[in-house]
Amino acid sequence: RSLTFLRCSVTNSTHNAFNNNDTGENTSVLYCRIEDVGAYAYEGPGKFVRCIGNYVRNAAGGFVIGNHDARSEHLHKLGCGQAVIRDNVLEGTFTGRAGVAVTRGARQVTIANNLFVNFNGTAIRAADSQVHRGYPARNIAITGNIVDLTHDGEKPRQRTGIEVYSSDVSIADNQIYVRGTADPRVSGIWIKDPAVNITVHDNLIRNCAYGI
């Protein structure tokens, strides 16, 4: 019912740094340092999740909210994964997973004021395409994030600043850019079917092959 990870350090983990997959309540990951983990920094379909002030470096993925496979009726009524993802720094090579992912069943999610540094993957994804496995995510605010998609390593990936499949999403006041010349592998904001009711305004996008 109440779980807090405060100022913890996780290094060289083969899977998630923090994990709470029992639809628990009131989980907080605060001011932790997470480096070289083989999956996500945090994963969990719990209610009322807070991931604030963390530093994540060279993880396979960052924070995933929702990700509940069951078609439970209570998720239809209230949702699972109400969350605040704020003031985090995510840096380095992410191997295919997003820095912040909002997935099945999540409702009422705020992703705000995060920094993505030298990012080699999708920074923010809401939600994944597997909505047939559960209720889709909705009601998401993505605001005030700075996304640096510059990558000068050996294996630059196709990557996107903000990728949206889900509905009822606002995307505002974000900066998405590549330092130097434009990168043909980079998209700024990508809105895909079946998303409806999307508001996009006051974003600054530079040196991406595709803006919006």
Side-chain angles (χ1 to χ4, degrees), residues 40-41 51 56 59-67 81-131 136-153 155-212:
Y40 289 103
C51 298
V56 182
F63 306 104
V64 57
I65 302 301
N67 207 24
Q82 295 84 2
V84 176
I85 312 298
R86 178 170 55 82
D87 300 336
N88 301 286
V89 176
L90 299 96
E91 178 181 356
T93 304
F94 280 57
T95 57
R97 296 179 172 96
V100 178
V102 185
T103 68
R104 298 178 294 275
R107 296 288 193 276
Q108 302 104 32
V109 178
T110 296
I111 304 167
N113 302 333
N114 301 285
L115 306 180
F116 299 83
V117 181
N118 297 333
F119 217 69
N120 192 29
T122 295
I124 299 169
R125 178 181 292 124
D128 69 8
S129 58
Q130 300 174 2
V131 295
R138 292 180 181 272
N139 312 114
I140 302 161
I142 303 171
T143 182
N145 301 282
I146 298 178
V147 181
D148 177 359
L149 292 173
T150 308
H151 182 72
D152 57 3
K155 296 181 180 180
R157 298 171 177 271
Q158 296 284 343
R159 54 203 189 276
T160 303
I162 299 171
E163 186 176 298
V164 174
Y165 298 83
S166 55
S167 298
D168 305 316
V169 179
S170 62
I171 307 167
D173 298 308
N174 302 284
Q175 293 190 31
I176 304 168
Y177 62 90
V178 173
R179 298 192 307 275
T181 59
D183 191 324
R185 292 169 290 261
V186 173
S187 300
I189 298 173
W190 195 351
I191 301 170
K192 303 181 179 184
D193 289 332
V196 296
N197 301 330
I198 310 296
T199 299
V200 181
H201 66 89
D202 294 299
N203 298 283
L204 178 61
I205 302 173
R206 300 195 309 275
N207 291 340
C208 299
Y210 300 94
I212 301 175

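Throughout, residue positions are numbered sequentially from 1 according to the sequence presented. Excluded from the calculations below are hydrogen atoms, water molecules and symmetry mates; all remaining heavy atoms, backbone and side chain alike, are included.
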J.: So Asn88 and Phe63, side-chain contact (heavy atoms from CB on, under 4.5 Å) or not? Walk me through it.
T.: CA-CA 10 Å; Asn88 301 286; Phe63 306 104; 3.8 Å; yes
J.: If you round to the nearest 0.5 Å, how far is CD of Glu163 from OG1 of Thr122?
T.: 4.5 Å
J.: Nearest 0.5 angstrom please: Ile191 CD1 to Ser167 OG, how far?
T.: 11.0 Å
J.: Taking all non-hydrogen atoms of both residues, which atom of Ser166 and which atom of Ala195 are closest, and how far apart?
T.: O-CB, 3.3 Å
J.: Would you check if Ile171 and Thr199 make a side-chain contact, meaning some heavy-atom pair closer than 4.5 Å?
T.: no
J.: Do you know the tightest heavy-atom contact between Ala123 and Gly161?
T.: CB-O, 3.2 Å
J.: Does the side chain of Val109 reach to within under 4.5 Å of the side chain of Asn139, using non-hydrogen atoms?
T.: no
J.: Sequence neighbours left out, what passes salt bridge (charged side-chain N to carboxylate O under 4.0 Å, His left out) with Asp148? Give chain and number order.
T.: Arg179
J.: Once rounded to the nearest 0.5 Å, what's the spacing between atom CD1 of Ile198 and atom NZ of Lys192?
T.: 13.0 Å
J.: Could you tell me if the side chain of Val186 sits less than 4.5 Å from the side chain of Thr160, heavy atoms only?
T.: no
J.: So how far is it from Phe119 CZ to Ile124 CD1, rounded to the nearest 0.5 Å?
T.: 9.0 Å
J.: Identify the two heavy atoms, one from Asn207 and one from Val178, that lie closest to each other, and give their separation to 0.1 Å.
T.: ND2-O, 3.0 Å
J.: Measure across Ala41 and Val56 and return the closest heavy-atom pair with its distance rounded to 0.1 Å.
T.: CB-CG2, 4.0 Å
J.: Atom CZ in Phe116, atom CD1 in Ile162: separation rounded to 0.5 Å?
T.: 8.0 Å
J.: Return the CG to CG distance between Asn174 and Asn145, rounded to the nearest 0.5 Å.
T.: 5.0 Å
J.: Please walk me through it: do Ile142 and Ile140 pass side-chain contact (heavy atoms from CB on, under 4.5 Å)?
T.: CA-CA 7 Å; Ile142 303 171; Ile140 302 161; 3.9 Å; yes
J.: Considering non-hydrogen atoms only, spot the tightest contact between Asn114 and Arg86 and give its length.
T.: OD1-C, 3.4 Å
J.: Heavy atoms only: give me the nearest Val100-Ile111 pair and the separation to one decimal.
T.: CG1-CD1, 3.7 Å
J.: Does the side-chain contact (heavy atoms from CB on, under 4.5 Å) test come out yes or no for His151 and Arg159, once each step is laid out?
T.: CA-CA 10 Å; His151 182 72; Arg159 54 203 189 276; 3.8 Å; yes
J.: Looking at Thr150, is its backbone amide N or carbonyl O close enough to the side chain of Asp183 to form a donor-acceptor pair, meaning the two atoms are under 3.5 Å apart?
T.: no
J.: Does the side chain of Val200 come within less than 4.5 Å of Ile189's, by heavy atoms?
T.: yes
J.: Show, in sequence, the C-alpha distance, side-chain angles and deciding distance for Gln175 and Arg206, and conclude whether the side-chain contact (heavy atoms from CB on, under 4.5 Å) test is met.
T.: CA-CA 8 Å; Gln175 293 190 31; Arg206 300 195 309 275; 4.2 Å; yes
J.: Ignoring hydrogens and geometry, is there a side-chain-to-backbone donor-acceptor pair from Asp173 to Gly144 under 3.5 Å?
T.: no
J.: Decide whether a cation-pi geometry holds between Arg97 and Tyr40; the criteria are a distance under 6.0 Å from NZ or CZ to the six-membered ring centre and an angle within 45° of the ring axis.
T.: yes
